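Small disclaimer: the values here were computed from a predicted structure and weren't measured. Only this structure's heavy atoms are used, side chains among them; waters, hydrogens and symmetry mates stay out.
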2 protein chains.
Amino acid sequence: MYPPSEAARRSGFSLDTLRYYEKIGLLSGVGRTSGGRRVFTDDDLSWLVVFRCLRDTGMPIAEMCRYAELSREGEHTVAARQELLEQHAARVEEQLTLLQRQYAHLREKIRFYQGITGATPVP
Amino acid sequence: MYPPSEAARRSGFSLDTLRYYEKIGLLSGVGRTSGGRRVFTDDDLSWLVVFRCLRDTGMPIAEMCRYAELSREGEHTVAARQELLEQHAARVEEQLTLLQRQYAHLREKIRFYQGITGATPVP
DNA sequence: TTTCAACCTGGAGTGCGCTCCAGGTCAAGC
DNA sequence: GCTTGACCTGGAGCGCACTCCAGGTTGAAA
């Protein structure tokens with residue numbers, strides 16, 4: 001049972017983002033106090049961990065919504081969820097490969113500058 | 001000497017993006033035919049390769065502009081350029097680490113689903 | 001000579017993912 | 001009881017990086 005500030009701190013999402021995620025239906029069933037304030041459970045927090053993983057790997061929000069919705073529909077969507085994650089993972093793999101390649105280019109370019117700047121103080 | 005379509009094909013940027021890059025001053029000094037059409041040189045193309053590397057690694061356009069501007073200023077900005085690239089490379093490294101970690105999480109989650117779905121057809 | 005696809009310009013529009021705001025409510029500590 | 005900071009809502013606004021459009025021009029092939 002955590003207040004919004006604590007959920008934000010633990011998940012790394014801002015308060016506004018948490019409210020936004022609830023508004024668009026990504027996060028649903030968040031409890032409230034009698035006064036109308038949000039109360040986050042450990043369950044909510046583990047959803048946030050999942051969202052963080054998906055977001056960090058570049059999944060669009062619309063697809064996260066679809067994943068969350070499938071989960072809410074129950075056990076019979078397990079295969080669909082797995083499929084969705086596998087397709088995403090494949091995209092992430094490509095992204096990772098590209099990033100590594102371009103990182104190598106970048107490092108190469110930096111080495112080139114070092115050859116100019118660094119003076120290579122005579123062998 | 002390449003027409004816009006060819007520059008787009010080779011660089012992977014759209015025609016609109018090439019025009020946009022020129023408009024904001026990222027790409028400068030692109031030649032023209034007497035009729036006003038763009039003519040891209042090998043030099044322009046190698047700039048585009050650099051921009052693709054920087055963009056693919058998440059550098060904001062404003063910073064690419066700064067880099068391009070430094071280059072145009074001449075040899076005395078070499079150290080600044082190197083610095084800029086090094087700082088960027090450091091960020092990319094972090095990004096790469098995060099992406100790898102989250103990718104591992106994702107794969108773990110998929111394995112979890114496989115444990116449910118896949119039935120593990122008895123050892 | 002005509003055609004027509006590729007190109008030009010300035011400027012408006014788009015999609016994403018938040019982020020900010022005004023104006024109000026709640027509740028813990030003094 | 002009062003203060004004060006955390007929280008609430010609906011809705012507007014923002015920053016980025018393009019992308020699209022209208023209306024016009026160019027130039028190579030048939």
Options dA17(D), dC8(D), dC18(C), nucleotide nearest the side-chain atoms of Tyr20(B): dA17(D)
Pair Glu22(B) + Arg32(B), salt bridge at N-O below 4.0 Å: yes
Separation of dA17(D) P from Met64(B) CE (nearest whole Å): 7 Å
Rounded interatomic separation in angstrom, taking CE from Met59(A) and C1' from dC16(C): 16 Å
Sugar-phosphate only, base, or nothing, as touched by Arg19(B) at under 4.0 Å among non-hydrogen atoms: base
Asp16(A) side chain, from C-beta outward: closest of dT26(D), dC18(D), dC20(C): dC20(C)
Exceeds 12 heavy-atom contacts within 6.0 angstrom, atom CZ of Arg66(B): no
Gap between atoms CD and C1', on Glu22(A) and dC8(D) respectively (whole Å): 11 Å
Whole-Å gap separating C1' (dA6(C)) and CZ (Phe40(B)): 13 Å
From dC18(C), dG11(C), dT9(C), nucleotide with atom closest to Arg32(B) side chain: dT9(C)
Side-chain N or O of Ser5(A) closer than 4.0 Å to phosphate OP1/OP2 of dC7(D): yes
Closest listed nucleotide, where the reference is the side chain of Arg55(A) and the choices are dC18(C), dC8(D), dT19(D): dC18(C)
Rounded interatomic separation in angstrom, taking CD1 from Ile24(B) and P from dT19(D): 13 Å
Euclidean distance, atom CG of residue Leu15(A) to atom P of dG5(D) [Å, nearest integer]: 16 Å
Position toward the 5' end of DNA chain D (nearest nucleotide), Arg37(B) or Pro60(B): Pro60(B)
Rounded distance in Å - OH (Tyr21(B)) to C1' (dT9(C)): 20 Å
Under-4.0 Å side-chain N/O to phosphate OP1/OP2 contact, Ser14(A) with dT19(C): yes
Residue pair Asp44(B) / Thr41(B), side-chain donor-acceptor N/O under 3.5 Å: yes
Touch class at under 4.0 angstrom, heavy-atom based, for Phe13(B) against every strand present: nothing
Cation over ring face, Arg81(A) and Tyr113(B), 6.0 Å, 45°: no
Selection from dC18(D), dT9(D), dA27(C) that lies nearest to any side-chain heavy atom of Arg38(A): dT9(D)
Thr33(B) side-chain N/O to dT26(D) phosphate OP1/OP2 under 4.0 Å: no
Contact nearer the 5' end of DNA chain C, comparing Gly35(B) with Gly36(A): Gly35(B)
Nearest-angstrom distance from the residue atom CG of Leu26(B) to P of dA17(D): 11 Å
Residues, nucleotides or ligands: over 12 heavy atoms within 6.0 Å of Arg52(A) CZ: yes
